[in-house]
Protein chains: 2
Amino acid sequence: MCFFLLSSPVPQLSHRCALTLPCCAEAGGATCAKAPQVTGVTVQLEMHTLWQQFDQLGTEMIVTKAGRRMFPTFQVSISGMDPAAEYVLLMDFIPVDDKRYRYAFHSSSWLVAGRADVAAPGRMHFHPDSPARGSQWMKQMVSFDALKLTNNLLDDNGHMILNSMHRYQPRFHVVYVDPRRDSQLHAHRNFCTFSFPETRFIAVTAYQNHRITQLKIASNPFAKGFRTTDPDAW
Amino acid sequence: MCFFLLSSPVPQLSHRCALTLPCCAEAGGATCAKAPQVTGVTVQLEMHTLWQQFDQLGTEMIVTKAGRRMFPTFQVSISGMDPAAEYVLLMDFIPVDDKRYRYAFHSSSWLVAGRADVAAPGRMHFHPDSPARGSQWMKQMVSFDALKLTNNLLDDNGHMILNSMHRYQPRFHVVYVDPRRDSQLHAHRNFCTFSFPETRFIAVTAYQNHRITQLKIASNPFAKGFRTTDPDAW
DNA sequence: GTTTTAACACCTAGGTGTTAAGCT
DNA sequence: AGCTTAACACCTAGGTGTTAAAAC
């Protein structure tokens, strides 16, 4: 099941060149003996400008017992797949560091509040259309809008379990489904991973930074009921 | 693509014993050289009582240009699949006869109004979870609630195209995805078909029989706004 | 004190039959 | 006259931040 290294370090890519990531970008140009079906894969993060706006304020994502969607939604455009080959697309979340945070309202900033709590169960979220052919994945934007975040360590709904007040980096994985051989043995060659630094966030049970709240209200259609100003101003 | 005989006759099974259909039920006990993955498959129609209530009045299903869901929804429970084998589940609709109908309001009954119009394009509706393993299909009820009916001959949304004022029999197909050989050549052995006579209906652009309208309002949650009497009376 | 929970009003998104107008 | 269409009010279903109370 766990054929990815959950403990692998978070890549340190600059914001400005992260619009498009070639396969194995996080490996930093190291040796990359990947299957040909994944070597050419390129992934572009959608809603990049919105993600940047949140990232500049310090993105917060609500976690609830029942599960809460992410906003912005993680959406990507993919190219360079083998149109006829089958792929599985999935996401996971890895801790950015070993710290617990708290928000200082008087200074409107996040402070380190100690060592991280025990790590939440590291789950994978398979895109519901998986598996599908490359042609299908490349046809239009791939959206992970069914993905939900929870702080319930005993969650039984397949949601992604995160610790509140901890910082996370979403990761996106493209896995080639090799029909010819035992996929378990060659899995390490048949996938590649993409990390977009601007999608990092701190999990919270209630918003801390009021500017994050305002940007969510301004940009999320489901929060329209809380808008007071002109929505086009954003 | 069209590996089913769209023009095959509608099976004439009695209402009373149609609760559960074994594979190849429509073949009437004839020779049935099917693959072992489909021979043992059994399908049970859900909401059977509701379907019978509608059938006794003469079920009508709305067709619209944009596409309209069926109510009751076609839902089945499946058993007897090979849990590890992959199956595709799909539906189609075949004309019950070669006639066009009209409703006589004064006698509250359907009359034959001539020969059928030119047949609408015969489409297949693949269940969106297809393909999936037998274990997945048997885990819980399979619902075709995404299926929509349209009278637009030029429909480009993948909906099922039907002629209004014509009578149809929904059919349900279980197709075993054979990984070993050319599935095209052996397709005739790898599927079986189920027809439930109580799911027959006449396609309409507006309800004709007022008792059908009342039963829809009473039993469809989305029509609750039109209820006047106690819903528990049904 | 800080963090979490649950009920809530207010939205989006889309499935109902109704109705009046339009079509043939 | 028979049939179809489109706008509509009224639902279901579920995604928002708010708020006050609860939990720790």
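Naming: A, B, ... by sequence-line order, numbering from 1 per chain.
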What side-chain donor-acceptor pairs closer than 3.5 Å can you find for residues 128-141 of chain A, not counting sequence neighbours?
from     : atom 1 : to       : atom 2 : distance (Å)
A:Ser130 : OG     : A:Leu89  : N      : 3.1
A:Ser130 : OG     : A:Leu89  : O      : 3.4
A:Ser130 : OG     : A:His127 : O      : 2.9
A:Arg133 : NH1    : A:Ala84  : O      : 2.7
A:Ser135 : OG     : A:Pro83  : O      : 3.4
A:Gln136 : OE1    : A:Lys139 : NZ     : 3.3
A:Trp137 : NE1    : A:Tyr87  : O      : 3.2
A:Trp137 : NE1    : A:Ala132 : O      : 3.1

Inset, instruction - For A:Tyr101, check side-chain contact (heavy atoms from CB on, under 4.5 Å) against everything at least two apart and list the hits. - result: A:Asp97, A:Lys99, A:Trp110, A:Val112, A:Arg167, A:Ile202

Legend entry - side chain to side chain donor-acceptor pair (under 3.5 Å) partners of A:Tyr103, counting only residues at least two apart: none

Inset, instruction - Summarise protein proximity over nucleotides 10-15 of chain D in one line of letters, 5' to 3': B for base, S for sugar-phosphate only, - for none, counting protein heavy atoms closer than 4.0 Å. - result: SSB-BB

Inset, instruction - Starting from P on C:dT16, measure out to CD1 on B:Ile212 and report it in whole angstrom. - result: 15 Å

Show each protein N/O and nucleotides 20-24 of chain D N/O combination with a separation under 3.5 Å, one pair to a line.
none

Inset, instruction - Not counting sequence neighbours, which residues clear side chain to side chain donor-acceptor pair (under 3.5 Å) with A:Asp117? List them please. - result: A:Arg100

Inset, instruction - Output all residues satisfying side chain to side chain donor-acceptor pair (under 3.5 Å) with B:Ser108, sequence neighbours left out; order by chain, then residue number. - result: none

Legend entry - Row check, B:Phe222 ring normal vs B:Lys216 NZ/CZ: under 6.0 Å, within 45°: no

Inset, instruction - Tell me, please, which residues at least two apart from B:Thr49 pass side chain to side chain donor-acceptor pair (under 3.5 Å). - result: none

Heteroatom pairs (N/O) under 3.5 angstrom, protein to nucleotides 3-7 of chain C:
from  : atom 1 : to       : atom 2 : distance (Å)
C:dT4 : OP1    : A:Ser164 : OG     : 3.4
C:dT4 : OP2    : A:Ser164 : OG     : 2.8
C:dT4 : OP2    : A:Thr205 : OG1    : 2.6
C:dT4 : O5'    : A:Thr205 : OG1    : 3.4
C:dT5 : OP2    : A:Asn151 : ND2    : 2.8

Inset, instruction - Return the set of residues passing ring-ring contact (aromatic ring centres under 6.0 Å, His included) with A:Phe201 (not counting sequence neighbours), or none when no residue passes. - result: A:Phe93

Inset, instruction - For B:Ala119, check side-chain contact (heavy atoms from CB on, under 4.5 Å) against everything at least two apart and list the hits. - result: none

Legend entry - Residues that B:Leu154 engages under side-chain contact (heavy atoms from CB on, under 4.5 Å), provided they are two or more places apart: B:Asn152

